[in-house]
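Step one of this worksheet: look at the structure below.
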Amino acid sequence: MAFLRNLLLLLVLIAALAIWVMLPWPGALLLAVLLAAWLVLTRRGRQASSVASVGVSTLRQRLGPSAVIVVGIAGVVGVLVALLAMAEGYSETLRKTGSADTAIVMRGASASEVMSGLDHDSVTLIPQAPGIARDANGEPVASPELVVAANLPLKNGGPDDEGSVQLRGVGDQAWAVRPQVKIVDGRRFQPGLRELIVGRGAAKQFAGLVPGHEIRLGSQKWMVAGVFASGDAMESEVWGDANVVADTYGRGSSRTSVTVRLTDPKAFGAFKTALESNPQLKVDASTTIDYFSKQSEGMTKVIRIMGITVGVIMAIGAMFGALNTMFAAVAARAREIATLRAIGFSGLPVVVAVLLETMLLALIGGIVGGALAWLIFNGYGASTLAAGTVGQLSFELRVTPELLWTGLKWALAIGFIGGLFPAVRAARLPVTTALREL
């Protein structure tokens with residue numbers, strides 16, 4: 001019978017945790033309101049409230065053991081939120097890079113720009129498709145671009161420490177396709193010359209990327225003309241004249257992609273259909289927001305899995321700490337609990353009282369961990385090799401309200417598990433046995 005009771009308790013716990021993980025904050029708020037109403041309006045609720053108030057009042061006398069729960073859960077929440085903030089920042093940076101009114105065209109079946117290659121005829125035919133916006137001179141706003149890998153020395157690194165940066169060869173229309181790109185220091189590169197403009201993220205990561213400074217790419221020296229800002233993944237790149245980049249790296253007249261600005265988002269369907277129905281072209285087109293969102297999926301999933309795995313491992317340790325602390329607290333109050341039950345208190349108020357005490361400590365730990373994660377990591381700069389590119393992507397960690405709520409849910413779940421089994425033991429302990437315990 002005891003085995004069946006414990007099995008039922010375990011199944012209920014698993015079901016409760018599954019529901020809790022999926023619960024949005026309005027649902028949690030509703031649960032809190034219902035619990036408060038039960039504590040105030042029902043006899044058993046008032047009993048639970050009175051027992052819990054006694055336990056909470058003794059927390060100062062148990063400051064050390066209570067701090068174990070708070071610090072352990074704060075560590076779990078802090079690490080979990082920080083790792084998830086990395087995934088959120090990475091994904092957000094790539095999402096901001098695209099828009100619904102711009103499209104990117106690559107060779108058919110190419111997963112990314114670096115895997116694509118368009119010959120001269122394709123580069124000439126793509127801007128003739130319908131749905132492309134035109135500039136003041138009546139020219140289609142289409143930017144044929146070439147993406148290659150380049151190695152540069154890292155800032156604050158040793159003499160042989162180099163990293164990969166994405167060098168993008170562009171033409172005049174690149175500015176019309178991406179109006180968010182603004183020069184913040186220096187000037188634009190001059191067409192036909194070995195000059196570069198560098199993104200703010202690349203300038204922070206690599207040495208020598210300051211206006212007026214010469215750097216070596218491949219076997220040639222290039223002059224840094226300026227620094228640009230765009231607020232998206234482009235800030236991790238280095239730009240130069242497409243023809244000069246192609247000559248330097250032996251790419252001839254080929255390009256890796258063509259990025260176009262559409263007349264409006266609804267024009268994408270006709271644009272894509274025209275390209276796919278042209279027998280002279282073997283290309284795929286997608287809006288840039290879809291393209292960059294797909295590029296972020298794989299790495300974001302890896303970072304999130306890593307964060308949850310680390311969080312689970314740490315959470316197990318925190319749960320054992322909470323179990324040990326609460327078992328000790330229940331044992332120390334065994335006579336008190338037995339006396340309450342002897343005078344008419346049922347087992348439910350005892351269970352709820354112990355859970356309230358544990359989850360209060362868990363709530364404090366969750367708030368502390370979330371606050372520390374926000375203070376330390378929100379806006380913190382990081383970089384990693386971006387999926388679908390040949391360079392490192394610079395981005396900022398983003399601690400969002402949704403991530404803080406996720407961390408708080410983890411904290412309360414740990415507190416619930418850590419307090420449930422000691423609470424059930426206290427409620428099941430025979431009164432005569434408890435009265436004999438010290």
Side-chain angles (χ1 to χ4, degrees), residues 93-106 113 116 118 120 122-148 166-193 195-202 225-246 251 253-272 274-275 281 283-293 295 389:
T93 298
L94 285 174
R95 283 199 303 267
K96 290 192 301 184
T97 305
S99 63
D101 62 351
T102 56
I104 184 169
V105 184
M106 300 179 293
E113 286 183 277
S116 172
L118 299 173
H120 178 72
S122 298
V123 172
T124 303
L125 288 172
I126 290 170
Q128 300 175 20
I132 301 177
R134 295 184 176 272
D135 60 17
N137 298 321
E139 297 295 325
V141 183
S143 175
E145 298 175 354
L146 177 64
V147 175
V148 297
Q166 187 157 285
L167 171 61
R168 183 179 295 271
V170 300
D172 290 339
Q173 291 287 16
W175 309 97
V177 170
R178 303 182 184 89
Q180 75 274 18
V181 176
K182 307 292 183 183
I183 298 295
V184 294
D185 189 14
R187 57 174 175 81
R188 295 186 184 183
F189 62 80
Q190 294 185 20
L193 300 181
E195 293 186 343
L196 301 168
I197 59 172
V198 301
R200 286 191 303 187
V227 178
F228 70 85
S230 60
D232 54 26
M234 293 297 162
E235 289 191 3
S236 300
E237 296 184 347
V238 174
W239 288 12
D241 180 76
N243 292 324
V244 179
V245 172
R251 300 299 180 89
S253 59
S254 68
R255 298 292 184 264
T256 55
S257 65
V258 177
T259 302
V260 304
R261 179 162 293 281
L262 303 171
T263 53
D264 61 70
K266 296 179 181 178
F268 175 72
F271 172 73
K272 182 179 177 67
L275 294 179
L281 295 173
V283 297
D284 284 337
S286 62
T287 61
T288 55
I289 192 169
D290 287 340
Y291 171 74
F292 286 105
S293 294
Q295 295 300 310
T389 73

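Quick caveat: nothing in here was measured; it's all calculated off a predicted structure.
Minimum heavy-atom separation, Pro144 to Val258: CA-CG2, 4.1 Å. Between Ser236 and Ala202, the shortest heavy-atom contact is O-CB, 3.8 Å. In terms of heavy atoms, Pro140 sits closest to Pro127 at CB-O, 3.6 Å. Of all heavy-atom pairs spanning Met234 and Trp239, the tightest one is SD-CZ2, 4.0 Å. For the residue pair Ala229 and Val184, the shortest heavy atom distance occurs at CB-CG1, 3.7 Å. In terms of heavy atoms, Gly240 sits closest to Leu167 at N-CD1, 4.3 Å.
In this structure, Glu113 contributes its side chain and Thr256 its backbone to no donor-acceptor pair below 3.5 Å. Between the side chain of Lys272 and the backbone N or O of Ala285 there is at least one donor-acceptor pair closer than 3.5 Å. A donor-acceptor pair is defined here as one N or O able to donate and one able to accept, closer than 3.5 Å; such a pair exists between the side chain of Thr288 and the backbone of Ser99. Judged by distance alone, the side chain of Thr97 and the main-chain N or O of Ala233 form a donor-acceptor pair under 3.5 Å.
Within the 4.5 Å cutoff, no side-chain heavy atoms of Phe189 are placed close to those of Val244. By the 4.5 Å heavy-atom criterion applied to side chains, Trp175 and Ile183 are counted as neighbours. Residues Arg261 and Pro179 form a side-chain contact, since some pair of their non-hydrogen atoms from C-beta on lies under 4.5 Å apart. Residues Val260 and Phe271 are in side-chain contact: their nearest non-hydrogen atoms beyond the backbone lie under 4.5 Å apart. In this structure the side chain of Tyr291 never reaches within 4.5 angstrom of the side chain of Asp284, judged on heavy atoms. Residues Val105 and Leu281 form no side-chain contact, since every pair of their non-hydrogen atoms from C-beta on lies 4.5 Å or further apart.
The distance from the CD atom of Gln180 to the CD atom of Glu235 is 9.5 Å, given to the nearest 0.5 Å. In this structure, OG1 in Thr263 is found 9.5 Å from CD1 in Ile132, a value given to the nearest 0.5 Å. Note that the CG atom of Leu94 and the OG atom of Ser293 stand 8.0 Å from one another [nearest 0.5 Å]. With rounding to the nearest 0.5 angstrom, the CG atom of Asp232 is 8.5 Å from the OG1 atom of Thr93. A distance of 7.0 Å separates CZ in Phe268 from CG in Asp290, rounded to the nearest 0.5 Å. The CG atom of Asp185 sits 12.0 Å away from atom CD1 of Ile197, with the distance rounded to the nearest 0.5 Å.
Classification of Glu195 and Arg187 as a salt-bridged pair holds, one side-chain N sitting under 4.0 Å from a carboxylate O.
Screening residues 130-148 for salt bridge (Lys or Arg N to Asp or Glu O under 4.0 Å), with sequence neighbours left out, gives Glu145-Arg168, Glu145-Arg178.
If you check the side chains of Ser116 and Ser257, you find no donor sitting under 3.5 Å from an acceptor.
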